[in-house]
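Reading through the structure tokens given below for one structure.
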Amino acid sequence: MNELSGFTRTVVKPRYALLTPDGFVPGRLPGWKNCAVVVNISPALGAKFSQLQITFKKNGSGEGNTGALEYFIYVLEGRCRAKIGGIRNALIEGGFVFVPAETDFQFGDAGEGTRLLIFQKTFEPLAGAKKMSVIAGHEKDFTGKPFLGNDDARLQVLLPDSPEFDLAVNIFTYQPGATLPFVETHVMEHGLLMLKGQGVYRLDDGWHPVKAGDVIWMAPFCPQWFVAMGKTPASYIYYKDVNRAPLAG
Ligand code: UGY
Ligand code: MN
């Protein structure tokens, strides 16, 4: 909770939203038993995807089928086991799994307090492309590459950079003082969770102090820029839609 009653850094605008944890309200989702679910971003906000945080309580579990959606699931804290498309995985903090559309999933054996971040998107298949498979990995196995030549702003690309994928999920880590090199304005939409540190995010014509735990939604063409501040690196994990034509022909 905020120390100052009635104050929040949360702002919801037509082209972007900054959502800070003091305002998160947990609910329930079908299939997720003994779990607290916060829907941070959804079409109700104006987005074309959803971004959720799920916290397991005692005996928490989740199961279902992705249907028309694909899921990217990242372990923010704790550990759990998953069975996805019949394949078993043990997931620990920093681990992730990509679950393609039309795939059965089960999550369980989670320590109390285990937290998952989930991005969900309607899959737009590429004509003639091979079937998408389940991908499991861990962020530590992805080297951070300098972003546009800057050693102090490094990008870990967690999913294959290949045309059948219509989403990307990356982790961006900035040394204090490092910035996005220019104000980006692009067709891709973003959903973002600050993982570490702090900084200032420029969103459209607003300048917002941000820190670990904050969530940001950026609509297509929302001008965006970031500078890391403080004494420790700042990092965020973010979603973007990629590799599809803006108008279906
Ligand atoms: O991938 C991106 O568009 C990224 N550079 N954007 C961002 O960090 N806001
Ligand atoms: Mn961007």
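For ligands, and for the atoms within them, numbers begin at 1 and follow the listed sequence.
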Phe172 heavy atoms, cut-off 4.0 Å: which ligand 1 atoms fall inside? 5 (N), 8 (O)
Is there a heavy atom of Phe226 sitting under 4.0 angstrom from any atom of ligand 1? no
Can you name the atoms of ligand 1, numbered from 1 with element, that are less than 4.0 Å from a heavy atom of His186? 3 (O)
Please could you name the atoms of ligand 1 that Lys240 approaches to less than 4.0 Å, counting only its heavy atoms? 1 (O), 2 (C), 3 (O)
Aromatic centroids of Tyr174 and Tyr236 separated by under 6.0 Å: yes
Hey, are Lys240 and Glu189 close enough for a salt bridge, meaning a charged N less than 4.0 Å from a carboxylate O? no
Under 4.0 Å between a side-chain nitrogen and a carboxylate oxygen: does that hold for Arg79 and Asp109? no
Point-to-point distance, once rounded to the nearest 0.5 Å, from CD1 of Ile92 to SG of Cys80: 10.5 Å
Provide the closest heavy-atom pair for Phe165 versus Ile135 in the form atom of the first, atom of the second, distance. CZ-CD1, 3.6 Å
Without swapping roles, check the side chain of Arg244 against the backbone of Glu124 for a donor-acceptor pair under 3.5 Å. yes
Heavy-atom distance to atom 7 (C) of ligand 1: which of Met188, Gln224, Arg202 wins? Gln224
Atom 5 (N) of ligand 1: the protein heavy-atom neighbour that sits closest, reported with distance to 0.1 Å: Glu184 OE2, 2.6 Å
Output the distance between atom CD1 (Ile216) and atom CG (Leu18), rounded to the nearest 0.5 Å. 5.5 Å
Provide the protein N, O or S atoms situated under 2.8 Å from the Mn ion (ligand 2); waters are not included. Glu184 OE1, His186 NE2, His190 NE2, Gln224 OE1
Stepwise ring pair (Phe, Tyr, Trp, His ring centres under 6.0 Å) test for Tyr16 and His208: CA-CA 12 Å; Tyr16 73 87; His208 298 274; 5.4 Å; yes
Heavy-atom closest pair, residues Ile41 and Ala47: CG2-CB, 3.6 Å
Sub-4.0 Å atoms of ligand 1 with respect to non-hydrogen atoms of Phe147: 5 (N)
Output the list of atoms in ligand 1 that are nearer than 4.0 Å to some heavy atom of Tyr238, sorted by atom number. 1 (O), 2 (C), 4 (C)
Determine whether the side chain, the backbone, both or neither of Leu180 has a heavy atom under 4.0 Å from any heavy atom of ligand 1. side chain
Are Trp207 and Tyr201 close enough that their ring centres sit under 6.0 Å apart? no
With a cut-off of 4.0 Å, which atoms of ligand 1 are near a heavy atom of Tyr236? 7 (C), 8 (O), 9 (N)
Verify whether the ring centers belonging to Phe98 and Phe72 lie closer than 6.0 Å. no
Side chain, backbone, both or neither: which part of Tyr239 has a heavy atom under 4.0 Å from ligand 1? neither
